[in-house]
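Have a look at the structure below before the remarks.
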Amino acid sequence: MIDLRICFAQRRTMKDGPDIAALAALIGDPARANMLSALMGGRALTATELAAEAGVTAQTASAHLAKLVEGGLLQQRKQGRHRYHALANEDVGAVLEGLMGLAAGQGRLRTRTGPRDPALRRARVCYDHLAGEMGVAMFDGLRASGGLAGDDDNVFLTGAGRAFAVEFGVDLDRLESARRPLCRACLDWSMRRTHLAGGLGAAFLSRMNDLGWARRVEGARVIAFTPAGEADFARAFAI
């Protein structure tokens with residue numbers, strides 16, 4: 001029998017607006033949080049790979065993944081015999097990066113550290129754009145040189161910034177024809193400052209890879225710059 005007192009109490013606590021409790025519950029489970037963190041590198045992973053990241057059985061991982069897909073946090077695609085999972089969009093990545101920054105700011109850090117930690121803080125991929133010390137330095141350099149303007153809630157490319165992006169080899173026409181925002185501020189979890197996301201942030205990182213300035217370390221989010229690449233990076237972005 002339904003307890004009407006409980007129902008009325010629940011109705012009294014309901015508020016208008018987005019249901020952040022449902023979203024928080026999806027992210028808040030430790031196994032699901034580990035899976036989402038593993039996908040912050042922008043690559044799609046199989047259920048088996050994500051089960052290993054979460055430290056759970058394949059059956060348990062499948063149940064968690066189904067909830068994340070249903071909740072709109074993950075997208076799933078099939079290729080051959082495998083099903084791959086990735087973050088649903090850049091918004092999910094931005095939320096996760098923000099939560100990481102909040103956790104770090106409150107001292108809620110994982111106890112396991114390793115030799116890659118300094119490298120991860122130096123330069124890493126955040127969904128598909130550059131983060132860490134070098135990501136923040138790039139954002140600051142673009143702001144200081146007049147390439148970016150606005151505040152963290154509304155970052156936009158200036159005329160000087162457009163000229164720089166085109167000279168750097170970025171196809172702005174293609175980026176601006178896409179649905180994705182061209183420029184977006186993303187709060188960096190390790191620096192607790194802003195780096196550049198959006199289509200332009202992704203294009204800049206892709207171009208750095210094409211130029212041979214940097215490469216992604218296999219099996220990690222770390223972006224490793226060559227000495228020459230780091231020097232070219234500093235010159236290009238007025239750092």
Side-chain angles (χ1 to χ4, degrees), residues 27 30-56 61 64-65 68 73-75 77 84-105 108-140 180 184-227 229-230 233 237:
I27 298 173
R32 292 197 289 269
N34 283 334
M35 291 177 176
L36 291 167
S37 296
L39 293 169
M40 279 292 286
R43 291 180 175 174
L45 298 175
T46 65
T48 300
E49 291 168 327
L50 289 168
E53 289 286 344
V56 297
H64 284 309
L65 290 170
L68 291 169
L73 297 182
L74 294 186
Q75 58 178 318
R77 63 176 182 266
Y84 290 88
H85 298 80
L87 297 185
N89 50 51
E90 186 183 16
D91 288 340
V92 178
V95 168
L96 294 174
E97 186 80 359
L99 286 173
M100 289 175 182
L102 180 62
R108 299 177 183 274
L109 300 173
R110 298 182 182 187
T111 56
R112 289 189 301 170
T113 59
R116 283 181 176 163
D117 285 358
L120 197 67
R121 292 172 180 272
R122 178 65 176 159
R124 66 180 179 276
V125 64
C126 172
Y127 188 59
D128 61 0
H129 52 269
L130 183 65
E133 294 172 10
M134 296 189 72
V136 170
M138 183 181 79
F139 183 87
D140 289 346
R180 184 179 185 182
R184 189 168 187 171
C186 186
L187 181 63
D188 195 284
W189 75 257
S190 57
M191 295 289 287
R192 292 174 231 164
R193 291 174 56 201
T194 301
H195 63 246
L196 180 65
L200 185 61
F204 277 150
L205 179 57
S206 177
R207 184 67 180 140
M208 291 174 207
N209 291 330
D210 291 343
L211 291 169
W213 292 5
R215 63 175 180 83
R216 179 169 173 171
V217 175
E218 184 66 30
R221 292 175 60 193
V222 173
I223 299 294
F225 279 77
T226 66
E230 190 161 345
F233 172 89
F237 294 98

*Are R43 and E49 ion-paired here, with the side-chain N under 4.0 Å from a carboxylate O?*
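No.
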Exercise. Applying side-chain contact (heavy atoms from CB on, under 4.5 Å) between L73 and each of L39, L68, L65, report the one that passes.
Key: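 One option only clears the test, and that one is L68.
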Looking at [X] and [Y], what are the two nearest heavy atoms and their distance?
| X | Y | result |
| --- | --- | --- |
| A197 | E90 | CB-OE2, 3.1 Å |
| R121 | W189 | NH2-CZ3, 3.8 Å |
| N34 | A54 | CB-CA, 4.0 Å |
| A31 | V56 | CB-CG1, 4.0 Å |
| V136 | R193 | CG1-CZ, 3.7 Å |
| A119 | V222 | CB-CG1, 3.8 Å |

Which residues pass the side chain to side chain donor-acceptor pair (under 3.5 Å) test with R124, not counting sequence neighbours?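 Partners of R124 under the side chain to side chain donor-acceptor pair (under 3.5 Å) test: E97, D188, S190.
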Does T194 have any side chain to side chain donor-acceptor pair (under 3.5 Å) partners at least two apart in sequence or in another chain, and if so, which?
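In terms of side chain to side chain donor-acceptor pair (under 3.5 Å), with neighbours along the sequence ignored, T194 is linked to D152.
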Can you confirm whether [X] sits close enough to [Y] that some side-chain heavy atom of one is under 4.5 Å from a side-chain heavy atom of the other?
| X | Y | value |
| --- | --- | --- |
| L205 | D128 | no |
| M208 | M134 | no |
| H129 | L196 | no |
| L74 | V92 | no |
| L96 | L87 | yes |
| M191 | E133 | yes |

Quiz item: Would you say R77's side chain and Y84's backbone share a donor-acceptor pair under 3.5 angstrom?
Solution: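 No: the side chain of R77 does not pair with the backbone of Y84.
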Original post:
With under 30° as parallel and over 60° as perpendicular, where do the rings of F237 and F204 fit, or are they tilted in between?
Top reply: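 Perpendicular, since the angle between the ring planes exceeds 60°.
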Taking ring pair (Phe, Tyr, Trp, His ring centres under 6.0 Å) as the test, write out the residues that go with H85, two or more places apart.
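Listed in chain order: nothing, the list is empty.
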Measuring from atom SG of C186 to atom CG of L130, what distance do you get when rounded to the nearest 0.5 angstrom?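 That separation rounds to 11.5 Å.
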